[in-house]
Novice: 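Structure in structure tokens, see below.
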Amino acid sequence: MNGKGLFLFLAFLAAACMMGAGIAVGERSIFGLLASLIALVAVMGFGFSMKKKYREKGKL
């Protein structure tokens with residue numbers, strides 16, 4: 001998977017985590033909300049670190 005495809009996948013994954021958080025709020029599920037927010041932070045952090053590595057290598 002090339003760089004742009006990876007970042008597109010990570011963007012969809014982050015959006016899914018945000019939707020999961022919204023659904024968890026609607027269902028009044030504290031566990032679901034916490035799991036979604038933790039997953040969101042992990043996905044976004046991984047994406048930003050990958051973007052930095054790609055930028056340093058000159059691939060972006």
Novice: Do you reckon Val25 sits in the same ILVMFWY cluster as Leu37, going by side-chain contacts under 4.5 Å, direct or chained?
Specialist: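 Yes, same cluster.
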Novice: With Leu13, which residues qualify under side-chain contact (heavy atoms from CB on, under 4.5 Å), at least two apart?
Specialist: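 With neighbours one apart ignored, the set is Phe9, Val43.
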Novice: Can you measure from NZ (Lys59) to NZ (Lys51) and round to the nearest 0.5 angstrom?
Specialist: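 If I round to the nearest 0.5 Å, the distance is 16.0 Å.
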Novice: Ignoring hydrogens and angles, tell me if any N or O in the side chain of Ser36 forms a donor-acceptor pair with the backbone of Leu33 under 3.5 Å.
Specialist: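 Not at all, since once roles are kept as given, no pair shorter than 3.5 Å links the two residues.
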Novice: First locate atom CG of Leu10, then atom CE of Met50, and finally report the distance between them rounded to the nearest 0.5 Å.
Specialist: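 Going from the CG atom of Leu10 to the CE atom of Met50 covers 8.0 Å.
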Novice: Taking a hydrophobic cluster as the set of Ile, Leu, Val, Met, Phe, Trp and Tyr residues connected by side-chain heavy atoms closer than 4.5 Å, whether directly or through intermediates, do Met19 and Leu40 fall within one such cluster?
Specialist: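 Looking at the clustering, Leu40 is in a separate group from Met19.
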Novice: Determine, stepwise, if the pair Lys52 / Phe48 fulfils side chain to side chain contact (heavy atoms under 4.5 Å, CB included).
Specialist: CA-CA 6 Å; Lys52 180 180 177 185; Phe48 283 127; over 6 Å; no
Novice: Under 4.5 Å between side-chain heavy atoms, chaining through other members, with only Ile, Leu, Val, Met, Phe, Trp and Tyr counted: pull out the rest of the cluster around Phe31, sorted by chain and number.
Specialist: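 Direct or chained contacts put Phe31 with none.
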Novice: Take a 6.0 Å sphere around CD of Glu56 and say whether it holds more than 12 heavy atoms from other residues, nucleotides or ligands.
Specialist: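 More than 12 heavy atoms, drawn from other residues, nucleotides or ligands, come within 6.0 Å of this atom.
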